[in-house]
Enquirer: 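Take a look at this one; I'll ask things after.
Quick note on labels: first sequence line is chain A, next is B, and so on, each numbered from 1. Only a predicted model underlies this, so the values are computations on that prediction, with no experimental measurement involved.
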Number of protein chains: 2
Amino acid sequence: MGLTKTEIFTDKQNKLAQMMKALAHPARIAIIQHLIKTQACVCGDLVEELGLAQATISQHLKELKNAGLIQGTIEGTSVCYCIDPKVWKQYKDAFDNFFVAYKNKDGCC
Amino acid sequence: MGLTKTEIFTDKQNKLAQMMKALAHPARIAIIQHLIKTQACVCGDLVEELGLAQATISQHLKELKNAGLIQGTIEGTSVCYCIDPKVWKQYKDAFDNFFVAYKNKDGCC
DNA sequence: CATATCTATCGCAATATTACGATTAAATTC
DNA sequence: GAATTTAATCGTAATATTGCGATAGATATG
């Protein structure tokens, strides 16, 4: 065990859960927010900005890249990361869609 | 290691990451969606609805309860769960706020 | 009160995540 | 081409998560 039983859920449920997971770490939230703030792309100064080791930042960047949220383009010896607007919108829409489904009919418990 | 370094992030970042984590599992997404659908509160028929063992469902319910997203009231021998509208709105607002921060200035990488 | 029903909790096994030092790989600079 | 800079990857340790059987606790029903 320790293995999520994805077979028993719908694709949408699995996908949404994975999207949440991609952002379910303060470092990844911080990275995204830094990318938003310094709108021009940012490279490895994330290591200085956050207080984590280079290997750790690189790992989080990899997860965000796997999630599709960010892109990295090589620029000389460093790598320039930025948010993928298209995927960002997909995330936003998926989250909006999830949260809008519940209307407070406050007649419960 | 294996321990998130929460000290180096802001409260908001930690909180948002934790909110994401609460929903970062398809079973918890499915539970919430089932609670929305059967708007009247639902009890342990979640065990039948999803294909997970009773102990596992109970654990996920506990996490959702810890996250504040759901409430449970004892009703005879079973427990009736429902979404907490107030916390739901907090989540919705926090997520909206996060996603709205990025405006596509498509002049990047 | 004995029995049945439903849920929470315990204990365990398997896997995943987080973090980092060390190393490797690629590109620039001298 | 050697040295430097930057980022990715490997390997490892510590902790967290997922899932479930078994058990315990609480409430109803006979």
Enquirer: Would you mind telling me which of D:dA8, D:dG19, D:dT9 lies closest to the side-chain atoms of A:Lys65?
Expert: D:dA8
Enquirer: Whole Å only: how far is the CG atom of B:Leu64 from the P atom of D:dT17?
Expert: 14 Å
Enquirer: Taking the minimum atom-to-atom distance to the side chain of A:Leu61, which one of D:dA8, C:dT18, D:dC20 wins?
Expert: D:dA8
Enquirer: Roughly how many Å is it from CD in B:Glu63 to P in D:dA16, rounded to a whole number?
Expert: 13 Å
Enquirer: Given C:dA22, C:dG21, D:dG19, which nucleotide is nearest the side-chain atoms of A:Gln54?
Expert: C:dA22
Enquirer: Report yes if a side-chain nitrogen or oxygen of B:Tyr81 is closer than 4.0 Å to either non-bridging phosphate oxygen (OP1 or OP2) of C:dC6; otherwise report no.
Expert: no
Enquirer: Once you round it to whole Å, what is the distance between C1' of D:dA8 and CD1 of A:Ile70?
Expert: 13 Å
Enquirer: Between the side chain of B:Asn14 and the main-chain N/O of B:Thr10, is any donor-acceptor distance below 3.5 Å?
Expert: yes
Enquirer: Just compare C:dT5, D:dT6, D:dC20 and give me whichever is closest to any side-chain atom of A:Ser78.
Expert: D:dT6
Enquirer: Answer with base, sugar-phosphate or nothing: what part of the nucleic acid does A:Ser58 contact at a heavy-atom distance below 4.0 Å?
Expert: base
Enquirer: Report the distance from atom CG of A:Asn14 to atom C1' of D:dT18, rounded to the nearest whole Å.
Expert: 14 Å
Enquirer: Is B:Thr56 close enough to D:dC20 that one of its side-chain N or O atoms is under 4.0 Å from OP1 or OP2 there?
Expert: yes
Enquirer: With DNA chain C as reference, determine whether A:Lys21 or B:Lys62 sits nearer its 5' end, using the nearest nucleotide of each.
Expert: B:Lys62
Enquirer: May I have the distance from A:Gln18 (atom CD) to D:dT17 (atom P), rounded to whole angstrom?
Expert: 17 Å
Enquirer: Looking at the base of C:dT28, is there any donor atom on it, or on the side chain of A:Thr77, that sits under 3.5 Å from an acceptor on the other one?
Expert: no
Enquirer: If I compare all heavy atoms of A:Val47 with all of A:Gln54, which pair ends up nearest, and what's the gap?
Expert: CG2-CA, 3.9 Å
Enquirer: Which nucleotide, C:dC20, C:dA16, D:dT15, lies nearest any side-chain atom of B:Leu3?
Expert: D:dT15
Enquirer: With the side chain of A:Leu52 defined as its heavy atoms from C-beta on, choose the nearest nucleotide among C:dT18, C:dC20, C:dT9.
Expert: C:dC20
Enquirer: Can you check the B:Ile31 CD1 to C:dT7 P distance for me, whole Å?
Expert: 12 Å
Enquirer: Hydrophobic clustering (ILVMFWY, side-chain heavy atoms < 4.5 Å, transitive) - are B:Leu16 and B:Ile8 grouped together?
Expert: yes
Enquirer: Indicate yes or no: at least one non-hydrogen side-chain atom of A:Tyr81 is less than 4.5 angstrom from one of A:Leu64.
Expert: no
Enquirer: Indicate whether OP1 or OP2 belonging to D:dT17 is found under 4.0 Å from a side-chain N or O atom of B:His60.
Expert: no
Enquirer: Which nucleotide wins on minimum distance to the side chain of A:Lys5, given the candidates D:dT18, D:dA8, D:dG19?
Expert: D:dG19
Enquirer: Is a donor on one side and an acceptor on the other found under 3.5 Å between the side chain of B:Arg28 and the backbone of B:Ala22?
Expert: yes
Enquirer: Examine distances only and state if a side-chain atom of B:Trp88 and a backbone atom of A:Phe99 form a donor-acceptor pair shorter than 3.5 Å.
Expert: yes
Enquirer: Rounded to whole Å, please give me the gap between CG in B:Asp45 and C1' in C:dT7.
Expert: 13 Å
Enquirer: Can you tell me how far C1' of D:dG21 sits from CD of B:Gln59, to the nearest Å?
Expert: 13 Å
Enquirer: A:Ala55 near the nucleic acid: base, sugar-phosphate alone, or nothing, with a heavy-atom cut-off under 4.0 Å?
Expert: base
